[in-house]
Amino acid sequence: MALALERLPEAYRQMQIIRKFEEAIRNLYSQGRIRGSFHPCVGQEGVAVGASWALRADDFLSCTYRGHGHALAKGLSPRAAMAEMLGKATGCSKGKGGSMHFTDASVGLLGANAIVGAGIPHAAGAALAMQLQGGGGTNGRIALAAFGEGAVNQGVFHETLNLIAIWKLPVILVCENNLYSEMTPSHETTAAAAQIAAGPIAAASPQTYQRAAAYGIAARQVDGNDVETMYLAVEEAAGRARAGEGATYIEAMTYRLWGHMMGDPEVYRTKEEVSQARENEPIVRLGRRLQGLGWTEAGLARLEAEAEAVIADAVQFAENSPLPKPEDAFTDVFA
Amino acid sequence: MALALERLPEAYRQMQIIRKFEEAIRNLYSQGRIRGSFHPCVGQEGVAVGASWALRADDFLSCTYRGHGHALAKGLSPRAAMAEMLGKATGCSKGKGGSMHFTDASVGLLGANAIVGAGIPHAAGAALAMQLQGGGGTNGRIALAAFGEGAVNQGVFHETLNLIAIWKLPVILVCENNLYSEMTPSHETTAAAAQIAAGPIAAASPQTYQRAAAYGIAARQVDGNDVETMYLAVEEAAGRARAGEGATYIEAMTYRLWGHMMGDPEVYRTKEEVSQARENEPIVRLGRRLQGLGWTEAGLARLEAEAEAVIADAVQFAENSPLPKPEDAFTDVFA
Amino acid sequence: MPVITYAQALNDALREEMRADRRIFLMGEDIGLHGGIFRVTKDLMSEFGHERVRDTPISEAGFVGLGVGAAMAGMRPVVELLFMDFALVAADQIVNQAAKLRYMAGGQVSIPLVIRTQQGGGRGNGAQHSQSFESWLAQVPGLIVVAPATPADAKGLLKSALRCGNPVVFIEHKLLYNTKGEVPQGDYTISIGKAEVKRAGRDLTIVAYSRMTLLALEAAEKLAQEGIEAEVIDLRTVEPLDMTTILDSVRGTARLLVVHESHSNCGLGAEIIARVYEEAPEALATPARRLGAKHVPIPVAEGLENAVLPQVTDIIALAKGMV
Amino acid sequence: MPVITYAQALNDALREEMRADRRIFLMGEDIGLHGGIFRVTKDLMSEFGHERVRDTPISEAGFVGLGVGAAMAGMRPVVELLFMDFALVAADQIVNQAAKLRYMAGGQVSIPLVIRTQQGGGRGNGAQHSQSFESWLAQVPGLIVVAPATPADAKGLLKSALRCGNPVVFIEHKLLYNTKGEVPQGDYTISIGKAEVKRAGRDLTIVAYSRMTLLALEAAEKLAQEGIEAEVIDLRTVEPLDMTTILDSVRGTARLLVVHESHSNCGLGAEIIARVYEEAPEALATPARRLGAKHVPIPVAEGLENAVLPQVTDIIALAKGMV
Ligand SMILES: Cc1ncc(C[n+]2csc(CCOP(=O)(O)OP(=O)(O)O)c2C)c(N)n1
Ligand SMILES: Cc1ncc(C[n+]2csc(CCOP(=O)(O)OP(=O)(O)O)c2C)c(N)n1
Ligand SMILES: [Mg+2]
Ligand SMILES: [Mg+2]
């Protein structure tokens, strides 16, 4: 089922929350108030919201260091997320995990992962657990793994796809193809089946979904910057998974509007490419769509302001939160 | 070019040498005179001889613990090989490597490998070296990696196939599909593209060559028990590689007539399946072919006796060879 | 008490725990119909079915990773690595994932994952099939590492591992599977982190674990014939270390020899020695010593392999040099 | 002598050696046009071309494996792992392959492969991007492991590594890249396996390497203000260990403190301590001590990370307790 029209404003607001979250971090980062690295997902909010919203609260999700959007859309509190960024005791991981490891077990967020590809088997394993607990069915619950297109060149990606296929695991694989892996255009490092012509969406990009097809996993490419398309694709995949029909691979074409991380000089792409991409980014796209449905600029600005307020509150909460105590470093290793 | 008719008797003799080599080891093993594990290649001699013979002496080869046939066909001396089996100082690796690590740098044998999949990037790396030394050409030399069909589920297989494809490396990938990985039928553990029907050669077997095709690598399945077919396939692939046209993946269908290793109770297959396979094994096949070309049973028996003599000599050499000295354990770590 | 093999003891532990706890399931290569290369999972597939005893592809990183995910989702997976040496293809999932995810999540998730494997040399399996990695794994915060020497300890520790709720690397030894010993009937556990004095003695303390415990005991018997009474401590768990038992013993004997099969360099021998000097420097009358595999890959030929791996004669020679 | 950064020193070493030896080529992520996240391979692609400076996919096992094969076929590959933590996805190729193939072949092949990487914490990069693995790698026979602390040592050791004909894990530190120091002009090398006394002192010996050398030197300056003169040895190579330099120093100072960033457990500190007690037990007036990372994953928040990683204040406190 498609994303209901009456939820579109909410989706717009959710994408704005993610955008403002990243902007706030950039701001704090440039003030030297955030440690470690920060991999912004600006421009990829459509994938995050479309994918997470098509899941149930008790479905599982694993994502990457660039997964703030997925985490927030799945239900991680912006306060706990922002406090984690600032290394506070109130952070979702008490300051231990930081930007690359957002986790919220209460909303099925198994965790973001800083090792490329490594989170994919975790989602598959959670799906296997559901299959086992459901006595061969799925127990109603499924798992989604989100990863970048660079991950398709990591061995564990393949090993896991094969396991998912032979065991018919209720998994959804969402490849967020933003065309680059760090500072390298992914088509330079990613081979694809020769006989299949480049798709319509991004001619130069590798067709990673063909890799999944080689395991007999249903695989397709979609426009990830269109939140409704994304939602529908994941919704359908979730239906298949819950019905015991196995996994679906969704290659969501998108674009990373900012650099790979703070400090990226972006030598690998032109300014024109980026400004062209801005025309097609998910928030602009959904804004146009809402205007088509009768929303005014003022109405959209109100949604944006609401998002702004959510993040301002999160920042304030984080700033006012206490630091962890040094001795807290020695807890949470074992259950 | 096809394997010249006048070389067929020699090929028959070479396959018999491999067969007798394995039989001699089984014999010694059952007497408790060989340590470690032994993974016989009996039934797979056609792949070994067809593949190795289509290479030049200065081409590179990497193979597996089940690679005695490849090693001998590539030119490893049966004496040095048998001495290695018996842990003698005259062994190809001075008793340090044993059955699973046959190496002969002088004939391009980079080494057998006891880690599933691990030798594949070594062949690719040697091919890369040739490409670099040839200034972007292949310097006339190429590399072949032989591995079992179980290896296609190991991450490094995929990582390497992608690297081979994007860098157009002069490599030949020979998957020896003998239907089983240890005691497990490989089709139970190996997913394949759903839309492609099972091939004619072994309906139940996974179509591993489709995995290669997903990287744009030319890929096909051949009858590995027919040494001429095998030779031709590798010969053509070598031509492509030398011409800078890149890699070829050859899935060679074959059958392991003995157990996975000594002591395998073979609970996973029926006696009928094995005896059926005996009709189709490479030595029987080539024998029939030679008879069609006018060879008599006596003529074939003579070739077999020659092979027997080569191995008897190798065993004698090995038995008469000295043991390594304990202090030799501490050399050969560093160059 | 019935006398059974180490392999059977492990098999019993798995069966009993699987009957008691539906969350436990197994993944590994050839563990199903075949019952495992070393027969540890014999007949478990027929009792518990294909769902709970899963033959895997040769994808160690993949199925260890699935184990991590399934553990986070409430199951108690047991994954088998056929040889410890293959931990290297799954190293990221073991070290970066299983060991760290709970910590990185601030304690929100737990990873009750048991990684069973066997290690060690002595059979001529060569450099890629004979390694001992416990000293490496003991370096990794977030992992519990056990290495039982006897059937009874193997069974009791495997039960503890399955109940403890944390990632455990459970290390068996290829040469122990056919060894036999008395095993208590009924349900019992051996505590993780508790060493055992397997032989009392006053002259020196030999600390060992896994197969080296048997060698240490054999050496102790021979030393006794020469009037030297060695106390043999079997660590059973190598991380966390039971320093209490070690220090108690060393305070009595004033001499310490640690024996292990992993390479000496940065091994548990060095660790235990460093801790004894930190925690009870006054206790030792002679410098502590350790014996591990020599610093070369493990060769195949018997004479070479014996030169590299610790032998009973090496233990005796070292012990004699200390008293 | 010109003063340049550690990153520039490495860049110079690569450039000079690549000019001199056509067998050298580089593989790694983003090393080409971008010049590497830490700028160590800056401008090398423009000088040496795409063939010799190769941007790779995110396939560490694959490209380390290609490096092994290319090395056997006569090249001198340098592969870069962006973070040491990623050695875990390539662990089989490093430990089972690069380190062992020569030995298993009875010396027929050689593996002149340099694996460059950076490790360590202090930047809040979290548990999967802050680890130090030198103590693990030092356990692996067949690997040479170097970890220079200064620009001059970095350049001289990288040149030695590229010429030595064996597998070398060349460990840089993320917090050292921007540090500066004098670097000799022209061609020079620093010998693998040679430690250096970076500061002379009579009261205690502090052994360190990589970034911990800088912390040890800072601690020594502060200790000097209190009248304690620490001798600081920079190991530079952690495998093989230069025990001669360590023992010479300890014989003079009678006190030993080892500082490293890898976890304490089974770390180089324990190893060095065990060797000193084996080789010169009479030399020490007080028990030897070591300081490594605490036994938990590396956390992100500053106060937590500082509690886990060795700090200058920790070194000072330990040193004071010893003299
Ligand atoms: C195994 C591993 N290798 C390398 C890295 C370093 N790294 C972090 S992000 C990244 C690029 C990933 O690209 P992609 O999968 O396309 O995801 P994106 O960052 O574009 O979302 C790399 C190479 C890593 N984290 N893990
Ligand atoms: C990484 C790794 N995992 C597991 C093994 C144990 N093992 C040895 S042979 C084998 C089966 C390999 O099957 P296949 O690739 O089909 O080759 P075959 O033995 O049939 O020639 C397995 C699982 C190994 N050697 N390496
Ligand atoms: Mg990307
Ligand atoms: Mg097979």
Side-chain angles (χ1 to χ4, degrees), chain B residues 34-37 65 83-89 91 93-101 113-118 148-157 180-186 188-191 206 260-261 263-268 323-334, chain C residues 27-39 42 45-46 50 54-65 82-83 85-93 121-131 174 293-309 311:
Chain B
I34 286 182
R35 311 186 77 219
S37 9
Y65 49 88
E84 189 63 28
M85 292 302 303
L86 289 178
K88 295 303 181 75
S93 302
K94 308 180 191 167
K96 290 175 186 173
S99 173
M100 303 205 283
H101 302 291
N113 212 297
I115 302 296
V116 167
E149 83 288 354
V152 306
N153 296 320
Q154 186 69 215
V156 77
F157 166 85
Y180 296 92
S181 296
E182 292 205 342
M183 292 74 180
T184 300
S186 293
E188 290 179 9
T189 56
T190 311
H260 166 65
M261 60 181 187
D264 176 357
E266 300 184 48
V267 289
Y268 47 85
L323 290 170
K325 296 191 287 299
E327 58 269 31
D328 294 340
F330 306 105
T331 59
D332 295 324
V333 180
F334 289 117
Chain C
M27 292 188 277
E29 291 154 15
D30 305 305
I31 65 171
L33 181 60
H34 184 64
I37 293 275
F38 299 98
R39 325 296 297 140
K42 190 159 98 65
M45 185 183 263
S46 61
H50 287 68
R54 306 180 86 96
D55 276 326
T56 63
I58 313 173
S59 308
E60 286 82 0
F63 67 77
V64 173
L82 215 44
F83 283 70
D85 313 70
F86 312 155
L88 292 168
V89 291
D92 180 70
Q93 288 296 328
R123 281 197 352 176
N125 286 122
Q128 295 177 334
H129 278 66
S130 305
Q131 294 169 92
K174 51 174 76 61
K294 306 286 188 308
H295 200 61
V296 296
I298 316 294
V300 167
E302 190 161 14
L304 301 178
E305 194 179 23
N306 289 346
V308 172
L309 297 180
Q311 305 293 316

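The structure displayed is predicted, hence computed values, not measured ones. Numbered from 1 within each chain, the chains take letters A, B, ... in sequence-line order.
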(request) Answer with side chain, backbone, both or neither: which region of His34(C) has an atom nearer than 4.5 Å to a non-hydrogen atom of chain B? (result) both
(request) Determine the option with the most heavy-atom pairs under 4.5 angstrom with chain C, choosing from Gly36(B), Ser37(B), Gly91(B). (result) Gly36(B)
(request) Considering non-hydrogen atoms only, spot the tightest contact between Asn125(C) and Arg123(C) and give its length. (result) OD1-NE, 3.1 Å
(request) Would you mind checking which part of Ile115(B) comes under 4.5 Å of any heavy atom in chain C, side chain (CB onward), backbone (N, CA, C, O), both or neither? (result) both
(message) Need one label for Val116(B): side chain, backbone, both or neither, based on atoms under 4.5 Å from any heavy atom in chain C.
(response) side chain
(request) Please flag which part of Ser59(C) lies under 4.5 Å from any non-hydrogen atom of chain B: side chain, backbone, both or neither. (result) both
(request) State whether Asp332(B) and Lys94(B) are salt-bridged, where the test is any N-O pair (Lys NZ or Arg NE/NH1/NH2 against Asp/Glu carboxylate O) under 4.0 Å. (result) yes
(message) Quick check on Leu82(C) against chain B: is it the side chain, the backbone, both or neither that has a heavy atom closer than 4.5 Å?
(response) side chain
(message) Donor-acceptor pair, distance only, cut-off 3.5 Å: does the side chain of Thr189(B) make one with the backbone of Ser186(B)?
(response) yes
(request) Begin from the C-alpha positions of Lys325(B) and Thr331(B) and carry the test side-chain hydrogen bond (donor to acceptor under 3.5 Å, both in side chains) through to its verdict. (result) CA-CA 11 Å; Lys325(B) 296 191 287 299; Thr331(B) 59; over 6 Å; no
(request) Using a cut-off of under 4.5 Å on heavy-atom pairs, state which of Met261(B), Lys96(B), Glu327(B), Met183(B) scores highest against chain C. (result) Met183(B)
(message) Can you tell me which of Gly155(B), Gly263(B), Gly97(B) forms the most heavy-atom pairs within a distance under 4.5 Å of chain C?
(response) Gly97(B)
(request) Identify which of His129(C), His295(C), Lys294(C) forms the greatest number of heavy-atom pairs closer than 4.5 Å to chain B. (result) His129(C)
(request) For Asp85(C) and Gln128(C), test the side chains for any donor-to-acceptor distance below 3.5 angstrom and give the result as yes or no. (result) no
(request) Mind telling me whether Tyr180(B) and Tyr268(B) have parallel, tilted or perpendicular rings, with 30° and 60° as the class edges? (result) tilted
(message) Heavy-atom cut-off 4.5 Å, strictly under: side chain, backbone, both or neither for Glu305(C) against chain B?
(response) side chain
(message) Contact between Gln154(B) and Glu60(C) at the side-chain level, heavy atoms closer than 4.5 Å - yes or no?
(response) yes
